[in-house]
Amino acid sequence: MDNPQIARIFEEIADILEIKGENPFRVRSYRNAALVVQGFAVSLKSIVEGGEEELEKIPGIGTSIREKVVEILATGKCKFHDGLLKELPPGLLELLRISGVGPKKVALLYDKVGIKSVDELEKAAQAHKLCGLPGMGEKSEQKILKAVQEAKRVSGRFGLSTVRTVAEDYKSHIKKLKGVIDVEPSGSLRRWKESIGDLDILVTCKKGVPVMDHFVSYPEVSEVVAKGDTKSTVILTNGLQVDLRVLDKKSFGSALQYFTGSKAHNIAVRDRAKRMGLKISEYGVFREKTGKWMAGRTEQDVYGAVGLEWVPPELRENRGEIEAAEASKLPGLIELKHIKGDLHVHTKESDGANTLEEMAEAAMAMGYEYIAVTEHSKGLAIARGLEEKRLLKHIETIDRFNERLKKKGVKFRVLKGTEVDIRSDGTLDYKSSLLERLDCVVGAVHSGFDMPGKDMTRRILKAISTAKLHILAHPTGRLIGTREPYAVDMEKVINAAKKYGVFLELNAYPERLDLNDIHCKLAKDTGVLVAISTDAHNTLHLKNIVYGVHTARRGWLGKKDVLNAGGLKEVLKLLKKG
DNA sequence: GCCGTTTTCGGCCCGACTGTTTTCAGTCG
């Protein structure tokens with residue numbers, strides 16, 4: 001049982017207790033515990049091995065949840081959870097996914113109409129069995145029907161890059177309206193979360209500007225869910241929900257803070273405010289007793305009012321950033337301008353779209369000092385992987401290219417590399433003597449993704465232990481929203497990387513972002529450098545580096561934690577194998 | 001169920017919008 005699996009159990013317990021109408025604070029405890037466990041870098045399993053009582057040092061975990069964690073780790077099950085599941089039909093929890101249907105409605109629908117699944121809900125709404133229920137009329141019924149169909153059409157979350165594009169476009173639409181002063185996307189987009197549930201946009205404008213009318217007139221809007229004076233919600237044709245909030249300049253900072261989230265971060269900040277006799281809302285920081293306005297113009301003011309340093313949005317997940325902000329110990333985070341090169345790049349020689357010259361020029365235009373050209377190895381025939389002979393020839397081509405640059409006095413270098421396949425048995429797809437001739441050996445798994453965790457871990461550990469790898473590429477193999485990470489034990493991988501002097505890649509491709517934020521933090525804490533690489537297959541892909549940098553920031557990485565924040569000299573030194 | 005700069009008991013973040021109500025509950029973020 002890994003942390004996400006344990007978190008899911010607590011999430012389900014919270015859902016069921018809520019439907020049962022249990023004490024909402026008890027529900028919140030389970031929900032909070034799920035969040036904490038989900039975001040915890042070290043596996044609870046290894047914590048418990050160091051003593052059960054260590055669990056209770058984690059904020060949000062008390063006696064009861066500690067016991068359940070121990071039980072789950074020992075037996076793979078939780079009796080309390082199993083008991084609750086037996087009380088309700090299995091499809092009932094799915095109903096909570098329907099927008100506008102919460103725990104109270106689920107209970108009502110089940111008790112009065114016997115609805116046990118989303119399908120039954122849809123049929124009941126179509127047969128007009130819902131209107132007439134307490135608190136529900138014609139409109140509620142239509143709303144639910146629409147929400148069910150919407151839920152069937154789009155599934156869950158959107159990719160970071162998709163939402164970023166929409167946000168830019170929506171922003172320019174809103175800015176066209178006269179009298180609009182500021183437009184600022186916030187929410188999980190501003191935190192650079194790897195996937196986005198909905199888009200939140202904040203607007204300040206002059207009085208009397210019809211900003212809501214203009215907001216809902218965006219051509220991509222397919223449905224207006226809510227439209228008030230200060231807040232509106234629409235659904236776009238692609239299924240993305242967009243919320244707009246209009247505010248005064250005076251409360252822009254507090255609103256930005258509030259709508260940036262995360263929820264867990266905000267609850268913790270507000271809780272802190274409360275203990276200080278203050279109250280924080282999206283309108284500002286107020287004295288609780290007198291209601292006197294204290295701050296709100298900027299985020300700095302808001303955090304300052306509760307004795308905290310300003311927290312970069314990427315860190316706002318309640319994973320220790322508040323304690324760090326209090327103690328002035330927030331990490332200095334990596335920035336785009338720190339990146340000096342890209343250590344995972346393809347060209348036409350294997351499955352890239354651009355030539356060596358084109359890739360190098362694009363990298364130079366970005367101000368880089370180097371790239372490593374890392375073509376696929378022979379085993380990956382589908383990607384035109386290079387046979388030994390072709391690789392040797394490619395090495396010569398790169399040597400000649402570098403000589404030409406040198407003659408011209410250009411301070412840029414192409415490193416000779418490979419993305420060598422890690423075979424099923426953990427051996428590498430080129431022999432050691434060939435790998436030793438390269439500047440940068442990137443190793444990657446490209447097959448057998450559904451191997452049992454034990455085998456996959458053994459496979460990757462074996463590859464690392466050859467001591468021929470410089471960098472382990474996309475270490476978990478996930479494709480966000482499409483393919484789960486393979487069942488590899490990342491704690492073991494990170495520890496082995498430390499032992500054998502291997503660096504870990506943070507693949508910046510927005511569908512990968514692999515390592516994820518949590519593993520980045522673990523790598524940092526273990527003392528393993530991370531290489532932020534784009535795996536570019538054309539010149540445009542090089543720009544994806546921004547996604548990698550922000551994911552690294554979410555993982556608390558600073559300049560000195562990132563391999564390619566070093567200049568050419570530094571990187572060559574680090575890539576030298578003893 | 002968790003937690004403690006007032007607490008080991010009694011609190012627990014805060015506000016907008018909607019629909020079905022005549023003052024509010026439910027949902028959402």
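In what follows, every chain begins at residue 1, and chains take the letters A, B, ... in the order their sequences are listed.
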- Task: Indicate, with a heavy-atom threshold strictly under 4.0 Å, whether A:K139 touches base, sugar-phosphate, or nothing.
- Result: sugar-phosphate
- Query: Which whole-number value in Å describes the distance from A:L256 CG to B:dG29 P?
  - Reply: 19 Å
- Message: For A:E326 and A:D200, find the nucleotide of DNA chain B closest to each by heavy atoms; which residue's nucleotide sits nearer the 5' end?
- Response: A:E326
- For the side chain of A:F25, counting heavy atoms from C-beta on, which of B:dT27, B:dG29, B:dG1 is nearest? B:dG1
- Message: Rounding to an integer number of angstrom, what distance separates B:dT8 and B:dC3 when you compare their C1' atoms?
- Response: 10 Å
- With heavy atoms under 4.0 Å as the rule, sort A:S99 into base, sugar-phosphate or nothing. sugar-phosphate
- Report the nucleotide, chosen from B:dC13, B:dG26, B:dC14, that has the shortest atom-to-atom distance to any side-chain atom of A:E288. B:dC14
- Task: Using the C1' atom as the reference point in each nucleotide, state the distance between B:dG11 and B:dT6 in Å, no decimals.
- Result: 11 Å
- Message: By nearest heavy atom, map A:I98 and A:K68 onto DNA chain B; which one lands nearer the 5' end?
- Response: A:K68
- Message: Nearest whole Å is fine: how far is B:dG1 P from A:H81 NE2?
- Response: 15 Å
- Are side-chain N/O atoms of A:S251 and A:D248 paired as donor and acceptor at under 3.5 Å? no
- Item | Any A:Q241 side-chain nitrogen or oxygen under 4.0 Å from OP1 or OP2 of B:dG29 | yes
- Whole-angstrom distance between B:dT7 and B:dG1, as gauged at atom P: 25 Å
- Name the closest nucleotide to the A:S140 side chain, picking from B:dT18, B:dT20, B:dG15. B:dT20
- Query: Any side-chain N or O of A:R275 under 4.0 Å from OP1/OP2 of B:dG11?
  - Reply: no
- Verify whether one side chain among A:E150 and A:S99 offers a donor that lies under 3.5 Å from an acceptor in the other. no
- Take atom C1' in B:dG26 and the same atom in B:dT20, then report the distance between them in whole Å. 11 Å
- Message: Students often get this wrong, so: under 4.0 angstrom with heavy atoms, is A:G60 touching a base, only sugar-phosphate, or nothing?
- Response: sugar-phosphate
- Message: I'd like the P distance from B:dT21 over to B:dT27, given in whole Å.
- Response: 16 Å
- Query: Does the side chain of A:D514 pick up a donor-acceptor pair with the side chain of A:T476 at under 3.5 Å?
  - Reply: yes
- B:dC13 phosphate, OP1 or OP2: any side-chain N/O from A:R270 under 4.0 angstrom? no
- NA contact type, A:P59, heavy-atom cut-off 4.0 Å: base, sugar-phosphate, or nothing? sugar-phosphate
- Verify the distance criterion only: is there a donor paired with an acceptor across the side chains of A:S172 and A:K176 at less than 3.5 Å? no
- Task: Select base, sugar-phosphate, or nothing to describe what A:M136 touches, counting heavy atoms under 4.0 Å on all strands.
- Result: sugar-phosphate
- Relative to A:Y547, does A:R164 satisfy both conditions: NZ or CZ under 6.0 angstrom from the six-membered ring centre, and within 45 degrees of the ring's axis? yes
- Query: What nucleic acid atoms does A:I144 come within less than 4.0 Å of, heavy atoms only: base, sugar-phosphate, or nothing?
  - Reply: nothing
- Quick note, A:I65 side chain, CB onward, closest among B:dC2, B:dC17, B:dG29 is B:dC2
- Task: Pick base, sugar-phosphate or nothing for A:V101, based on heavy-atom distances below 4.0 Å to the nucleic acid.
- Result: sugar-phosphate
- Task: Look at all strands and tell whether A:E138 reaches a base, only sugar-phosphate, or nothing, counting heavy atoms closer than 4.0 Å.
- Result: sugar-phosphate
- Just to confirm, is there a sub-4.0 Å distance from OP1 or OP2 of B:dC12 to any side-chain nitrogen or oxygen of A:S29? no
- How would you label the contact of A:T63 with the nucleic acid (heavy atoms, under 4.0 Å): base, sugar-phosphate, or nothing? sugar-phosphate
- Item | Whole-angstrom distance between B:dC13 and B:dC28, as gauged at atom C1' | 14 Å
- Could you walk me through whether A:F215 and A:Y170 pass the ring pair (Phe, Tyr, Trp, His ring centres under 6.0 Å) check? CA-CA 9 Å; A:F215 172 67; A:Y170 220 139; 5.1 Å; yes
- Item | side-chain N/O A:K227 vs B:dT18 OP1/OP2, d < 4.0 Å | no
- Using a cut-off of strictly less than 4.0 Å, decide whether A:S281 has a side-chain nitrogen or oxygen near OP1 or OP2 of B:dC14. no
- Note on the structure: d(A:S262 OG, A:L315 CG) to nearest 0.5 Å is 11.0 Å
- Angle class for the A:Y30/A:F10 ring planes (parallel below 30°, perpendicular above 60°, tilted otherwise)? tilted
- Under 4.0 angstrom, heavy atoms only, what part of the nucleic acid is A:N23 near: base, sugar-phosphate, or nothing? base
- Message: Between B:dT23 and B:dC17, how many Å separate the two C1' atoms, rounded to a whole number?
- Response: 16 Å
- Task: For B:dC14, take OP1 and OP2 only and decide whether either is under 4.0 Å from a side-chain N or O of A:K274.
- Result: yes
- Message: Distance check needed: B:dC28 C1' versus A:R245 CZ, whole Å only.
- Response: 11 Å
- Taking the same atom, C1', in B:dG15 and in B:dC9, what whole-Å distance lies between them? 29 Å
- Note on the structure: Looking only at B:dG15, B:dG1, B:dG29, the nucleotide nearest the A:Y283 side chain is B:dG15
- Task: Tell me what A:Y258 touches on the nucleic acid: a base, only sugar-phosphate, or nothing, going by heavy atoms under 4.0 Å.
- Result: base
- Query: What is the pairing partner of B:dT27, taking Watson-Crick or G-U wobble pairs with both distances under 3.5 Å in any strand?
  - Reply: B:dA16
